[in-house]
Amino acid sequence: MSQNELLALLPLILVVGLAMAVVIIDIVLPDRDDLISAIASGGLIVTLIVIAVCGPLPGGVGLLPREGVQLFVDSSGSGVIVRDQLTAFLDLTFVVIALLSLLFAVDYLKPRGLPMAEFTATLLFAISGAMVLGSGRDLLILFLGLELLVLPGYMLAGYAKRDGLSTEGAIKYFLLGSFSSAIFLFGLALVLGFTGSTRVAAIADVLAGVAAGNAPLSLGLAMGLALLTTGVAFKIAAVPFHYWTPDAYQGSPTPVTGYLSVGPKIAAFALILRLFVDALAPLKADWLPFVIVLAATTMTLGNLVAVTQDNIKRMLAYSSIAHTGYMLVGLAAYAGAAAGSPAEAQGLEALLFYGAIYSFMNLGAFACVAALQRRPGVTSQIASFAGLGRRAPLLGVAMTLFMLSLTGIPPTAGFFAKALVIIAAVNTGGWVAFLAVLMMLNAAAAAFYYLRVVVYMYMREAPDGARPVSIGNFTRAGLIVSAALTVVIGVVPPVTTAVIDMAREAARALL
Amino acid sequence: MDLTGLPLLTGVIFTPLIGALLIAFVPREREALTRWLALGTALVTFAISLLLLPGFDPAATGFQYVETADWIPAFGIQYKLGLDGISLVLVVLTTTLSWISILASFGPIKSRLKEFMISFLILEVGMIGVFLALDLFLFYIFWEVVLVPMYLIIGIWGGANRIYATLKFVLYTLIGSLLMLVAILAAAFSFQAATGSWAGAFDFEQLRGFGFDPTLQFLAFGAFFLAFAIKVPMFPFHTWLPDAHVEAPTAGSVILAGVLLKLGGYGFIRFCLPLFPQAAHEWAPLIIVLSLIAIIYGAIVAMVQPDLKKLVAYSSVSHMGFVTLGIFIFQPQGMQGAILQMVNHGIITGALFLCVGVIYERTHDRTIAKMGGLAAPTPVYAAIFGFFMLASLGLPGLGGFVGEFLVFLGTFDYSPIAAAIASIVVILGAAYLMWMYQRVVFGELSDFLKGLGHHLTDVTPQELVTLTPLIALTLAFGVAPGLILDLIQMPVGEVLARVGGPLTGAAP
Amino acid sequence: MPFFTEAPAEAVATTGSSLDQLLVIALLALPLAGFGLTALVGRRLGARAWIIAVPAIIVVWLAALYLIYQTLIVGAFGDAGMHFRLYEWIPAGDFHVDVNFAVDALTAVMLIVVTTVGMLVHVYSIGYMAHDPGRWRFFAYLNFFMFSMLLLVLADNFLLLFVAWELVGLSSYLLIGFWYRRRSAALAAKKAFIVNRVGDLGFGLGIMAIWTTVGSLDFGEVFTRLPGQLESGAIQPWMMIGICLLLFAGAMGKSAQFPLHVWLPDAMEGPTPVSALIHAATMVNAGVYLVARANPLFAQAPEALFIVAAVGIFTCILAASIALTQKDIKRVLAYSTLSQLGYMFAALGVGAFVPAIFHLVTHGFFKGLLFLGSGSVIHAVHDEQDMDRMGGLWRRIGITHATMLVGSLAIVGIPPLAGFFSKDEILGESFKLGFVWVWAIGIVVALMTAFYMFRLMGKTFYGPSNVDPHTEPRIHESPRSMTVPLILLAVPSALIGLALGLPPENGTIHHWLEPVFRPLDEALHHGAADYQILGIDGFLLGASVAVAAVGMIVAWRLFGFFRLGPRPALVSSVTGRLRGPYVFSLRKWYFDELNDLLFVRIGGVVARGLWWFDVHVIDGAVNGVASLTQGTGRGLRLVQTGRVQNYALGIAAGLLVVAVGYLIVAR
Amino acid sequence: MSQSLDAYLILASLLFAIGTFGFLARRNAIAMLMSIELMLNAVNLAIVAFGAYVPALAGHGALIALFVMAVAAAEATVGLAIVIAIYRNKRTPLVDEYASMRE
């Protein structure tokens with residue numbers, strides 16, 4: 001194994017190693033939650049640095065060559081695992097997600113007597129699955145990555161095993177998730193059967209021939225596409241495959257909900273990038289209509305139902321559905337653009353940027369809920385936020401910030417995310433431009449429920465006997481990090497540009 | 001003193017932000033310090049805005065004090081500021097009303113003072129930024145920055161039904177502005193597609209010379225129109241305004257009426273017309289009709305309002321109708337009148353809200369029916385209120401008249417019938433304002449007010465300090481409107497040259 | 001060297017000397033300063049609140065006398081008068097309006113009335129308002145009115161005139177509503193302002209029309225260029241007529257011509273000196289002044305003049321018919337003012353502009369006198385205005401009675417008092433210029449005038465006393481500050497006709513005003529027919545004197561005269577027999593009721609209807625969208641049943657749809 | 001493509017459909033889990049068939065099927081753990097009684 005190949009695998013190895021280390025430490029030194037948290041956070045920070053050092057990142061940053069490294073290259077010159085700028089970008093996102101989820105979980109799990117080590121290990125395994133998804137260029141690898149991602153997810157959802165809601169959410173998530181995995185797998189099988197390869201590059205070559213030949217799509221391929229579409233639509237929680245989301249989100253322990261709302265979602269988008277954009281790109285004209293319809297229904301239904309929610313976790317669940325819709329607009333912008341046009345890259349760039357921004361602002365929002373619920377017994381009703389601006393100023397400001405960013409009000413990061421998606425959509429034109437308009441109308445409707453939280457925090461008085469909220473140190477650190485990211489990416493131009501550049505280069509790496 | 005080298009525009013925009021940051025570090029208990037720090041910041045900002053005047057050349061074309069820096073070069077987004085006469089007068093209006101509003105909230109704002117002052121100063125940042133931004137993206141950002149502090153100001157320090165009002169305000173405004181964002185991006189993209197580069201794609205000075213495709217113009221104009229029409233607000237997008245005004249605290253109402261509504265009018269002049277001239281001609285007849293409706297309708301509905309603030313709010317709908325009317329007849333007098341009207345409406349209506357605030361401070365009520373006979377116990381107040389009432393109904397010699405008349409004049413040039421319809425408002429305006437004044441100030445002291453006893457005091461020196469500058473300005477702009485007209489002559493000419501006025505077509 | 005040498009409108013006009021300019025500015029600055037100072041410090045002056053205001057106006061009067069002398073007697077400014085510019089007021093591209101002033105013969109004649117009556121009313125008010133705690137306000141307002149009124153007559157362009165036009169309206173508003181605690185006063189003030197605004201609306205549109213056609217608002221330019229444009233065919237005759245009628249609309253408002261006359265009687269809610277100054281002698285004449293000033297335009301629009309004549313003479317008889325039956329002394333005088341203003345407009349309409357201005361001057365004096373006299377009466381009987389509760393006062397308040405008698409005779413038109421000359425010229429010229437119908441109605445009104453004036457005199461001064469027994473013993477003549485102005489006004493009321501009106505139709509005032517009205521005379525081709533005292537003119541003159549005498553005598557018989565007692569029984573039998581007309585007149589032709597119905601009731605319904613529309617339809621739509629969104633959201637929630645099977649079914653169904661979709665769209 | 005591959009595929013599809021039907025029709029969590037296993041086996045059948053009939057995949061099919069089996073086993077493990085956990089809480093394996101969370 002060459003040095004470059006080793007470097008390419010290093011981040012994944014680190015995360016998996018860290019997970020195992022946590023398991024071992026827990027056996028050797030049981031019940032040392034703080035130690036575990038510290039080691040895990042430290043390890044993740046190291047991983048972040050390693051990813052940055054390995055690269056490749058825009059501007060030639062990183063030890064690895066700009067064009068990336070392929071591993072297990074076959075005769076056609078395409079690898080099974082790849083570390084290019086897209087991988088680096090996604091890995092950064094995933095590790096940040098893991099780190100933040102970890103920080104937010106510590107102060108929540110402890111008062112409930114939930115073991116930290118198991119949580120940490122499970123989370124890290126899930127993240128490693130996500131990282132596999134981000135780097136796989138082989139159907140089998142992608143399938144393994146997906147399972148590695150979702151199986152720990154089921155466990156995390158049911159993590160509070162004595163809590164009826166948690167287990168109920170978990171079983172719903174598990175049953176439906178497995179169902180969709182089976183559907184996805186069948187689609188995968190059909191595609192690999194009818195293209196004759198598991199390699200993404202090879203499949204793309206075959207399909208390019210199909211697309212160029214103007215021959216009708218074979219029944220097998222069409223069914224394969226249908227099954228794959230359904231499978232990934234479930235994973236990203238697109239309407240009408242979203243049913244599991246509200247229940248699973250509501251039931252899970254809040255930090256887990258935070259993780260579920262971003263980790264599997266972004267990872268599933270990574271899967272989409274590797275599968276649909278990489279392998280199925282030649283057929284994009286065929287799947288574009290479905291993306292458009294899914295995007296439209298997803299954001300609209302997500303927002304409409306979120307408007308009516310009184311439970312903040314359910315509200316954020318529907319909101320996350322809506323955000324899936326927005327990200328799908330980016331995908332549609334890619335798919336709607338002529339092959340090779342700059343609009344293609346624009347769409348993916350927007351999707352990636354949106355995903356990254358969405359991860360920490362949404363995690364931040366859940367973290368605020370978690371921080372509020374640090375003391376067991378605090379419900380997830382929006383009313384429990386009443387007067388929070390006064391009871392816990394930091395929490396109030398941070399939550400306001402996340403809500404504004406989720407709404408897309410400048411100069412927060414969330415605004416730039418939306419703006420990029422719209423640029424891409426308008427760029428592509430046609431029905432996708434219509435999606436941009438629909439997206440903005442949705443954003444306006446969404447403002448209602450996001451701002452409602454602000455209303456409760458600042459414009460309503462706390463109920464009598466409301467106790468002051470104390471925020472743990474880990475949570476505080478995590479909140480500051482995510483809030484700072486939300487603000488800094490918005491208002492510090494070089495940072496904005498840098499993140500956009502990363503997304504752009506990542507998108508280009510794919511095309 | 002040579003000021004040309006200093007980034008004055010950046011200074012005037014971000015001075016309030018510095019003040020807000022400083023206030024953030026003031027302990028909550030130090031209320032006096034917070035107050036004076038906020039006022040000081042606003043006054044410094046005001047002073048900086050005045051520093052712009054000596055170096056400004058009214059005869060020069062284009063923008064002055066231009067500052068440019070790359071922001072997001074990938075999309076050609078710049079931090080680009082600059083001002084012409086139109087922005088200049090509106091910036092000075094903003095800085096003036098800001099310190100007055102801050103001073104006016106010394107008494108009324110009793111809870112969460114620190115947050116209030118911070119919100120208010122950030123609001124000022126956004127407002128000034130909107131008037132100075134020459135990059136469409138930057139403009140949009142400032143446009144939205146205005147939204148959040150105002151949302152908080154109404155929502156936290158507002159009246160009983162404040163949450164409904166503030167959500168309505170925000171959602172309404174957002175629907176417009178988000179679509180405008182789509183239009184901005186579409187315009188920029190269309191520029192990029194034509195030139196093959198993002199450089200300058202958001203640069204107003206580049207875009208205004210770029211002839212957009214007619215369909216895009218039509219749609220983009222529609223989106224901009226919606227955003228600005230909601231802000232102005234034009235009939236039938238006006239219903240958020242009475243609610244917002246009624247619930248907002250006094251200072252919020254002052255700024256809302258004084259500056260926020262002007263953002264829409266400014267947007268029309270600065271962006272809609274030069275960017276989409278063809279579409280402007282296509283849309284103009286509709287807008288003129290809506291303006292005429294707003295003028296008359298606002299006045300009639302104002303007549304029967306039971307609440308002082310609602311009355312003034314509907315009068316704003318009517319008065320702002322002149323602004324849109326004056327803009328969309330594409331005629332020099334009309335547009336100059338519209339700008340003058342914006343400034344004067346800002347001053348006069350702002351002052352009227354201050355006057356209502358004075359009553360409210362003493363009575364905690366704004367119901368006209370409960371008032372009466374204020375002239376006897378509070379003569380100075382009655383005189384000042386009367387002064388602004390007269391200014392608002394367009395008494396010649398005071399600020400409101402010249403702008404209104406110029407709009408009428410321009411409209412008459414385009415369509416005498418339209419002018420005749422619009423000018424019915426001089427009767428209606430006199431009717432609702434004088435009726436209100438009669439019920440509040442004349443007559444015997446009402447039982448409700450009698451019950452207040454010695455609490456019913458005349459204006460305090462502090463209130464006088466807030467009102468006197470506005471009296472002076474109202475008089476000055478009535479007697480010497482040239483102070484403003486000389487500044488806006490050149491930019492109005494430029495806008496009209498781009499839009500290709502006057503409006504032609506089958507006007508009666 | 002003059003201070004302001006900006007180019008005058010016409011080459012022939014002069015800018016005047018710096019002294020002249022200074023005086024013109026002083027005419028405006030002094031009352032304005034008086035207003036400002038009195039408003040600021042007046043409250044502390046107590047009883048001496050007049051100490052700033054009255055001297056200021058006396059100085060103004062003196063300055064005005066000098067200017068009048070220069071203009072009319074010396075002729076220092078030539079025919080075109082003196083014009084100068086103070087500064088550029090509105091610089092809006094092509095549209096620029098200056099603050100510029102002119103003093104010509106017409107202005108000078110107006111100045112005579114305005115400053116003289118104004119000065120006397122100021123002096124009179126010292127006594128009249130001595131016991132009112134708000135007197136400082138009163139003097140401040142009065143000074144402000146003088147400023148506005150002087151600006152009105154001095155303005156040299158339409159827009160500045162319009163400014164003054166509105167400002168006098170404002171002063172009128174403030175002074176009518178002076179006793180603001182009285183609801184009726186506040187209502188009357190508001191009504192006056194709003195009704196005036198109806199006229200101002202027309203005036204304003206007229207100004208716009210002038211600018212869009214001429215491109216200027218300066219009197220000089222408009223009056224030379226607009227007729228030229230008409231001649232060259234650049235504008236159509238109907239446009240000229242339109243402009244004139246719009247201007248006339250303004251005049252109708254300010255001068256209270258039908259149907260905008262309704263505000264003037266109510267304006268009597270103000271203190272009596274105000275009624276004398278504003279609502280009799282000066283402000284209400286502004287309309288006449290406007291039409292006279294715009295005579296070069298009206299000269300080109302005979303159709304417009306016809307309407308002026310018709311409106312004028314109709315107002316004339318309408319008001320006179322109402323004055324016949326009113327019980328409030330000031331209301332009788334108010335309707336009388338309306339009626340006399342109607343005469344003036346009738347004169348303008350028939351083309352007799354000089355007689356109109358002549359009547360304006362004489363009316364200014366004698367009506368001012370009558371109002372001040374009525375004020376003195378009211379003062380004497382302790383604020384009683386109902387003539388049924390007066391009577392027999394002629395012995396108790398001799399000076400008041402004597403001066404009012406002079407005024408009455410003057411208005412009735414008994415030679416050689418002032419009214420005789422001016423009214424006779426109006427009637428005579430109407431007849432001779434072919435407006436026989438105007439003359440005929442005018443003669444009837446002359447009869448009515450004589451009747452109602454001596455009805456007023458009889459009820460007030462003669463016959464038995466009906467004064468409240470409590471106040472009866474305390475009736476006293478007014479202080480000297482009030483009686484001296486009365487006497488000073490009685491002199492011109494008696495003599496000014498002789499001074500200015502002889503020989504008839506060619507008197508001094510004709511010589512003064514001839515240059516101003518030259519364009520009119522040229523356009524209407526008035527021949528300078530010889531005055532035939534023994535021919536048609538003598539007949540007309542005799543007729544008007546005769547009807548006046550008849551009216552007077554009838555009134556004497558019914559209501560008494562000096563020792564001649566009244567006959568209440570006869571009065572009631574007459575009113576009983578003419579019940580319908582009597583009530584119709586007493587209720588003022590039901591105009592107030594009509595306005596109440598149209599504007600208060602129907603207008604209120606419309607306004608409330610629109611408000612309902614606003615709240616329920618427009619805002620309802622806004623809220624409807626919001627509820628629709630929420631409702632849809634609530635509906636969609638139902639999908640979320642919580643049961644895994646349902647979810648799975650949904651997913652399977654979705655899969656089916658997607659599969660079928662792929663089959664359909666796939667190539 | 002030969003006739004027999006189609007036959008395998010049709011068989012696989014049928015199995016998959018039966019599994020799906022089972023998943024939709026059964027209320028018992030364990031039975032649903034088994035249905036999923038059935039679906040996965042259907043996929044395996046298809047994969048193995050592809051491996052046998054598609055030249056390019058020769059030899060790969062069985063390998064992939066092996067992976068799928070491993071994953072299925074992992075899935076079943078996790079699934080059973082969750083079922084046990086919820087059985088402890090709710091005292092029933094019937095999923096339609098797990099509806100505390102709903103709109």
Side-chain angles (χ1 to χ4, degrees), chain B residues 168 171-172 235-240 242-243 297 300-301 303-305 314 332-333 336-337 340 373 375-376 379 383 390 393-397 401-402 405-406 408-409 411-413 416 419-420 423-424 426-427 429-431 434-435 437-438 441-444 479-482 485-486 489 492-493, chain C residues 39 43 87-95 99 137 159-160 162-167 169-170 173-174 177 180-183 185-187 189-190 193-198 200-201 204-205 207-209 211-212 242 599 603-604 606-608 610-611 613-615 617-623 626:
Chain B
K168 192 168 173 178
L171 294 181
Y172 222 139
F235 177 91
F237 306 113
H238 64 278
T239 52
W240 63 268
D243 287 319
Y297 178 89
I300 294 180
V301 177
M303 201 95 66
V304 287
Q305 294 307 312
Y314 277 105
Q333 280 74 38
Q336 293 196 29
L340 198 58
L390 293 168
L393 64 78
L395 189 79
F401 170 71
V402 183
F405 186 79
L406 286 175
F408 283 141
L409 196 70
T411 312
F412 195 94
D413 205 20
S423 54
I424 293 173
V426 303
I427 304 168
M434 287 195 154
W435 190 33
Y437 190 71
Q438 173 213 323
V441 173
F442 291 157
E444 292 293 340
V479 177
L485 291 173
D486 285 339
Q489 181 102 27
V492 164
Chain C
R43 224 174 347 165
Y87 70 99
E88 188 176 35
W89 177 34
I90 306 180
D94 317 334
F95 178 79
V99 173
R137 274 195 302 129
L159 200 61
L160 194 59
F162 185 76
V163 172
W165 197 262
E166 292 257 298
L167 291 184
L170 169 65
Y173 169 78
L174 293 171
Y180 57 81
R181 286 177 192 226
R182 254 189 359 224
R183 187 177 140 77
L187 286 175
K190 186 185 71 184
F193 196 91
I194 293 170
V195 174
N196 262 298
R197 277 239 153 173
V198 177
D200 295 354
L201 164 65
L205 288 171
I207 293 174
M208 295 168 211
W211 185 76
T212 47
F599 300 108
V606 169
R608 265 183 287 276
L610 280 184
W611 188 26
F613 177 79
D614 202 60
V615 171
V617 179
I618 297 184
D619 205 27
V622 175
N623 288 330

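On a predicted model such as this, the values are computed, not experimentally measured, just so you know. Lettering follows sequence order; numbering is per chain, from 1.
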Completion exercise
The interface call for C:Asp200 against chain B, heavy-atom contacts under 4.5 Å, is neither
Practice task
Give, as side chain, backbone, both or neither, the part of B:Val492 having an atom under 4.5 angstrom from any heavy atom of chain C.
Solution key: neither
Handout entry: Candidate pair B:Thr239 and C:Val615, rule side chain to side chain contact (heavy atoms under 4.5 Å, CB included), full reasoning
Key = CA-CA 8 Å; B:Thr239 52; C:Val615 171; over 6 Å; no
Practice task
Determine, stepwise, if the pair B:His238 / B:Tyr297 fulfils side chain to side chain contact (heavy atoms under 4.5 Å, CB included).
Solution key: CA-CA 11 Å; B:His238 64 278; B:Tyr297 178 89; 3.8 Å; yes
Handout entry: Portion of C:Arg43 that has a non-hydrogen atom of chain B nearer than 4.5 angstrom
Key = side chain
Exercise for the section: Could you tell me which of C:Ala621, C:Gly604, C:Ala607 has the largest number of non-hydrogen atom pairs under 4.5 Å with chain B? Expected result: C:Ala607
Exercise for the section: Give a yes or no on whether the ring-centroid distance for B:Tyr437 and C:Tyr173 is below 6.0 angstrom. Expected result: no
Practice task
Identify which part of B:Ala376 has an atom lying under 4.5 Å from any heavy atom of chain C, answering side chain, backbone, both or neither.
Solution key: both
Practice task
Quick one: which of B:Ala420, B:Gly373, B:Gly337 has the most heavy-atom pairs under 4.5 Å with chain C, could you say?
Solution key: B:Ala420
Exercise for the section: Test C:Phe193 against B:Leu395 for side chain to side chain contact (heavy atoms under 4.5 Å, CB included), laying out the working first. Expected result: CA-CA 11 Å; C:Phe193 196 91; B:Leu395 189 79; 4.1 Å; yes
Handout entry: Under 4.5 Å from a heavy atom of chain C, the part of B:Phe237 involved
Key = neither
Practice task
Measure C:Val622 against the heavy atoms of chain B and call it side chain, backbone, both or neither at under 4.5 Å.
Solution key: side chain
Completion exercise
Sorted by chain and residue number, the salt bridge (Lys or Arg N to Asp or Glu O under 4.0 Å) partners of C:Arg181 (sequence neighbours excluded) come out as B:Glu444
Completion exercise
From the list B:Asp243, B:Val441, B:Leu393, B:Asp486, the residue making the most non-hydrogen contacts under 4.5 Å with chain C is B:Leu393
Exercise for the section: Would you check if the side chain of B:Gln333 reaches a backbone N or O of C:Ala92 as a donor-acceptor pair within less than 3.5 Å? Expected result: yes
Problem - chain C contact via B:Leu390 - which portion, at a heavy-atom distance below 4.5 Å - result: side chain
Practice task
Go through the atoms of B:Pro379 and report whether side chain, backbone, both or neither lie under 4.5 Å from a heavy atom of chain C.
Solution key: side chain
Exercise for the section: If the plane angle is over 60° it's perpendicular, under 30° parallel, otherwise tilted; pick one for B:Phe442 and C:Tyr180. Expected result: parallel
Practice task
Below 4.5 Å from any heavy atom of chain B, which atoms of C:Trp611 appear? Answer side chain, backbone, both or neither.
Solution key: both
Handout entry: chain B contact via C:Leu205 - which portion, at a heavy-atom distance below 4.5 Å
Key = both
Handout entry: Heavy-atom pairs under 4.5 Å with chain C, option from B:Ile300, B:Leu409, B:Val301 with the top count
Key = B:Leu409
Exercise for the section: Using non-hydrogen atoms and a 4.5 Å limit, figure out which bit of B:Trp435 sits close to chain C: side chain, backbone, both or neither. Expected result: both
Practice task
Look at the side chain of C:Trp89 and the backbone N and O of B:Ala480, then say whether any donor-acceptor pair between them is shorter than 3.5 Å.
Solution key: no
Exercise for the section: With sequence neighbours excluded, tell me which residues meet salt bridge (Lys or Arg N to Asp or Glu O under 4.0 Å) with B:Asp413. Expected result: none
Handout entry: Contacting moiety of B:Leu406, where chain C heavy atoms sit under 4.5 Å
Key = side chain
Practice task
Would you mind checking which part of C:Ala209 comes under 4.5 Å of any heavy atom in chain B, side chain (CB onward), backbone (N, CA, C, O), both or neither?
Solution key: both
Practice task
Would you mind checking which part of C:Leu159 comes under 4.5 Å of any heavy atom in chain B, side chain (CB onward), backbone (N, CA, C, O), both or neither?
Solution key: side chain
Problem - Verdict with reasoning, C:Ile194 to B:Ile427, per side chain to side chain contact (heavy atoms under 4.5 Å, CB included) - result: CA-CA 6 Å; C:Ile194 293 170; B:Ile427 304 168; 4.0 Å; yes
